[in-house]
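This report concerns only the one structure given below.
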Amino acid sequence: MKIEQVKIVDFLTVSNIETRLDDLGIVAIMGVNKVDTAAESNGSGKSSFADAICWCLWGSTARGEAGDEIIRSGEKGAFVSVVVYDEMQDERYCITRERTKGKTSLKVEFLDEKGALHDRTSGTIDLTQKTIAQIMGCSESVFRSVVYLGQEEMPDLPKMTDKALKEIVEEAAGVQSLYAAHELAKEAHKKAVSAKEAAQQEVNSRQSKIEDHRSSIEVIAESIEAEKESVKGFRLALEQDVANCVERISVLREQASDEIFEEAKKRVDTAVDDFRKYTEAEKKDQEIESEVSRALGGIGMMRRNLDAQKKLVASKKAEMENIHSRIGKPCGECGTIITEATMEVAKDHALSAFKSSLETAKTMLHELKTAEADLEKKRSALPVVSGETEDKSLALAEARRRFEEIQRMRAAIPALEGEKALAEKRLVDTISRPSPLVAKLESLKKELELSKFELDASTLALSEAEKHEEECKEVVSVFGPAGVRAHILDQVTPMLNERTAFYMTALTDGKISAVWSTLTTNSKGELREKFSIDVKHEETGKKFKGLSGGEKRRVRLACAFALQDLVATRANKPIHLMITDEIDDALDIPGLERLMSVMQDKARERGTVMVISHNDLKSWIGECWTITKTTKGSVLSDDR
């Protein structure tokens with residue numbers, strides 16, 4: 001990278017300077033102050049010349065001037081432009097920075113082969129500044145450390161902290177791209193951690209959902225089994241009801257068939273016809289017979305009821321005697337499920353029911369006997385007629401009793417058929433009606449299988465996320481301070497020591513050593529990581545703090561020159577220019593001679609080395625420029 005030319009207008013003390021800077025060899029820049037002759041070369045504008053280049057590229061000077069401070073007194077604005085040539089890309093750029101009162105503008109333009117300008121300025125000054133850093137291939141701190149060594153801003157490398165020294169060496173070593181890689185790696189790792197946590201939450205959610213499904217399935221399965229037992233008992237009871245109805249209907253139809261009914265009716269009609277032939281006694285007999293007939297009907301009903309009650313008594317007795325076989329079934333009296341614990345209570349209930357039904361049967365039997373006694377009284381009240389009349393009366397009564405009995409049996413059949421139909425319908429409904437719990441169970445089983453599939457997918461995603469997070473973590477470690485950057489520092493440290501030793505030999509005859517180190521010993525004698533420069537005078541044993549001003553300056557120069565060599569070997573775009581400002585200050589003649597020898601070597605390496613000095617360096621430097629300050633500003637004299 002070459003800075004080929006510069007144009008400066010109304011910057012600090014400079015009024016107007018335009019000159020080329022590439023391939024000039026070593027050039028001494030001296031000054032003359034014609035405005036204040038007592039100042040000699042001070043204030044002539046030598047440093048302003050160098051500061052203008054720094055300001056154009058980075059927006060500030062080595063002395064920290066910025067804003068309206070850089071505008072020459074009495075003028076409305078300042079203007080500086082430089083032309084740089086990227087040898088690697090074979091590209092030229094014109095960089096222009098202007099300052100008017102309260103406003104700065106920055107422009108980057110590409111120069112094609114025909115010399116035409118093409119704007120490459122970004123949207124803001126900050127973005128354009130980043131473009132300049134990319135073009136130059138370095139940052140402002142590296143530029144000031146290896147290209148422009150200002151008199152007030154020369155990097156005091158031996159006194160820098162571990163962090164500051166490490167940052168500048170890392171950037172000089174060309175690893176600044178690793179900072180961005182480290183930040184990208186950290187951001188990627190942060191996202192990977194978030195993705196892993198989200199995947200873990202997803203797995204946890206799926207597992208919780210599966211447990212919920214399994215718990216629900218277990219509960220519903222138990223409910224279905226309980227429901228089956230309940231339905232089974234209900235079904236058996238309905239089947240028994242239907243069977244009872246069928247049996248009773250069959251008996252009634254057999255005992256009260258149409259033929260039997262018609263025969264009984266004919267017998268009644270015949271008996272009535274025969275009986276009408278008799279006297280008033282016969283009429284009275286009819287009336288009494290009617291009462292007897294009604295009494296017979298009532299007695300018949302009472303006998304049937306008594307028969308039913310007897311069956312109930314037998315049922316209750318059997319239930320009482322077989323109470324142990326009903327464990328797990330509902331109590332016939334209170335409906336509570338019978339268990340071993342409630343057995344005594346169930347026995348009491350069964351006994352009580354048996355006794356109650358037995359008492360009812362006894363009462364009904366007593367009522368039946370009373371009714372039969374009444375019937376006999378009614379029959380005994382029949383008038384005494386001839387034997388034929390009595391026979392006819394008895395025949396009529398028997399025919400009527402039999403007919404009424406058959407009528408009652410025939411009338412009971414439809415009711416029993418209705419009862420049977422209702423029981424059959426309830427039985428069919430019970431058997432055919434699907435349980436809603438079964439459908440719910442099947443639905444839950446399907447959801448469980450789907451959840452298992454989703455869990456497998458989530459578990460796989462979690463595994464991938466964990467693997468990715470570990471990979472990102474490893475990348476963060478690789479690009480972190482303890483990774484490849486530390487490795488690079490370990491690599492460049494020997495080179496820095498070799499070059500520093502070379503310059504210390506040239507500048508101090510090897511009496512002072514300056515050793516770059518990535519490790520240091522603490523007060524306990526323990527080694528710890530710390531980047532530092534250990535300076536020691538071989539004769540006096542003094543550290544950097546105890547050296548004289550001239551010795552310190554030589555150490556600073558040696559370290560700075562070593563850093564320059566590192567940049568030259570490591571940088572993608574080494575800059576073929578070095579500007580030093582008052583680096584010969586506080587050096588004696590032998591020190592100055594050694595410094596000029598080094599600067600001659602630097603000029604051969606860099607192409608252009610400019611030495612700004614108060615001293616007359618014509619004895620060591622053949623090419624000398626003079627910047628003269630007049631009342632109209634500083635200019636570059638024609639005798640350069």
Side-chain angles (χ1 to χ4, degrees), residues 1-4 6 8 11-12 21 47-67 69-70 78 80-86 93-99 104-108 120-122 124-157 159-161 163-180 183 485 556 559-568 570-581 583 606 608 610 612:
M1 176 65 69
K2 292 184 178 181
I3 300 179
E4 292 186 329
V6 60
I8 309 168
F11 180 88
L12 294 177
L21 298 176
S47 298
S48 298
F49 174 76
D51 280 339
I53 298 173
C54 184
W55 179 81
C56 181
L57 294 173
W58 309 109
S60 63
T61 70
R63 292 170 285 186
E65 292 132 328
E69 294 177 346
I70 58 89
V80 181
S81 68
V82 297
V83 175
V84 297
Y85 175 54
D86 186 345
Y93 295 90
C94 179
I95 301 170
T96 303
R97 193 183 297 267
E98 291 186 77
R99 177 73 186 188
T104 298
S105 63
L106 180 61
K107 181 184 292 186
V108 176
R120 293 290 188 271
T121 306
S122 301
T124 64
I125 289 181
D126 288 341
L127 292 175
T128 305
Q129 192 64 65
K130 290 180 180 179
T131 301
I132 294 172
Q134 292 174 352
I135 293 172
M136 298 301 295
C138 70
S139 67
E140 180 180 1
S141 61
V142 170
F143 183 86
R144 290 186 178 183
S145 298
V146 300
V147 177
Y148 177 31
L149 304 181
Q151 61 174 316
E152 297 180 18
E153 292 293 328
M154 179 181 292
D156 197 352
L157 299 175
K159 291 180 67 176
M160 280 187 177
T161 63
K163 180 181 179 181
L165 188 61
K166 188 180 294 184
E167 287 179 354
I168 198 168
V169 172
E170 285 180 342
E171 189 167 358
V175 298
Q176 61 268 28
S177 60
L178 298 180
Y179 291 113
E183 292 302 316
R485 285 153 59 182
R556 293 190 186 103
C559 293
F561 289 160
L563 196 61
Q564 288 178 343
D565 291 345
L566 174 63
V567 173
R570 288 276 180 168
N572 294 328
K573 299 179 181 180
I575 300 175
H576 299 296
L577 172 67
M578 184 172 74
I579 303 174
T580 65
D581 193 357
I583 64 169
R606 293 295 187 91
T608 297
M610 311 190 83
I612 299 173

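Here the structure is a predicted model, which means the values were calculated and not measured.
In this structure, Val82 and Leu57 have side chains that are in contact, with non-hydrogen atoms separated by less than 4.5 Å.
Under the side chain to side chain contact (heavy atoms under 4.5 Å, CB included) rule, Ser47 has a single partner from Asp581, Thr61, Ile579, which is Asp581.
Atom CD1 in Ile95 sits 10.0 Å away from atom OG1 in Thr121 (nearest 0.5 Å). Between the OG1 atom in Thr131 and the CD atom in Gln134 there is a gap of 5.5 Å [rounded to 0.5 Å]. Here the straight-line distance linking atom CZ of Arg556 with atom CG of Leu563 works out to 15.0 Å at 0.5 Å rounding. Rounded to the nearest 0.5 Å, atoms CZ (Arg120) and NZ (Lys107) are 13.5 Å apart. One finds the CD1 atom of Ile132 at 11.5 Å from the CG atom of Leu127 (value rounded to the nearest 0.5 Å). The CH2 atom of Trp55 sits 10.5 Å away from atom OG of Ser60, with the distance rounded to the nearest 0.5 Å.
When all heavy atoms of Tyr148 and Cys54 are compared, the pair lying nearest together is CD2-CB, 3.8 Å. When all heavy atoms of Ser81 and Cys94 are compared, the closest pair comes out as CB-SG, 4.4 Å. Leu577 approaches Ile3 most closely through the heavy-atom pair CD2-CD1, 3.6 Å. Here the closest non-hydrogen pair linking Met136 and Val84 is SD-CG1, 4.1 Å. For the pair Phe49 and Met610, the tightest heavy-atom approach, listed with the atom from each and the gap, is CE2-CE, 3.9 Å. The two residues Val80 and Ala52 have their closest heavy-atom pair at CG1-O, 3.5 Å.
Applying the ring-ring contact (aromatic ring centres under 6.0 Å, His included) criterion to Phe561, with sequence neighbours excluded, gives Tyr503. Partners of Glu65 under the salt bridge (charged side-chain N to carboxylate O under 4.0 Å, His left out) rule, at least two apart in sequence or in another chain, are Arg63. Phe143 pairs by the ring-ring contact (aromatic ring centres under 6.0 Å, His included) definition with Trp58, not counting sequence neighbours.
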* Let me see the working for Val6 and Val83 under side chain to side chain contact (heavy atoms under 4.5 Å, CB included), right down to the final yes or no. => CA-CA 7 Å; Val6 60; Val83 175; over 6 Å; no
* Let me see the working for Asp86 and Met1 under side chain to side chain contact (heavy atoms under 4.5 Å, CB included), right down to the final yes or no. => CA-CA 5 Å; Asp86 186 345; Met1 176 65 69; 3.9 Å; yes
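Put simply, the side chain of Thr104 never gets that close to the backbone of Arg99: no donor and acceptor are under 3.5 Å apart.
Using modelled atom types and a 3.5 Å distance limit, the side chains of Ser122 and Gln129 yield no donor-acceptor pair.
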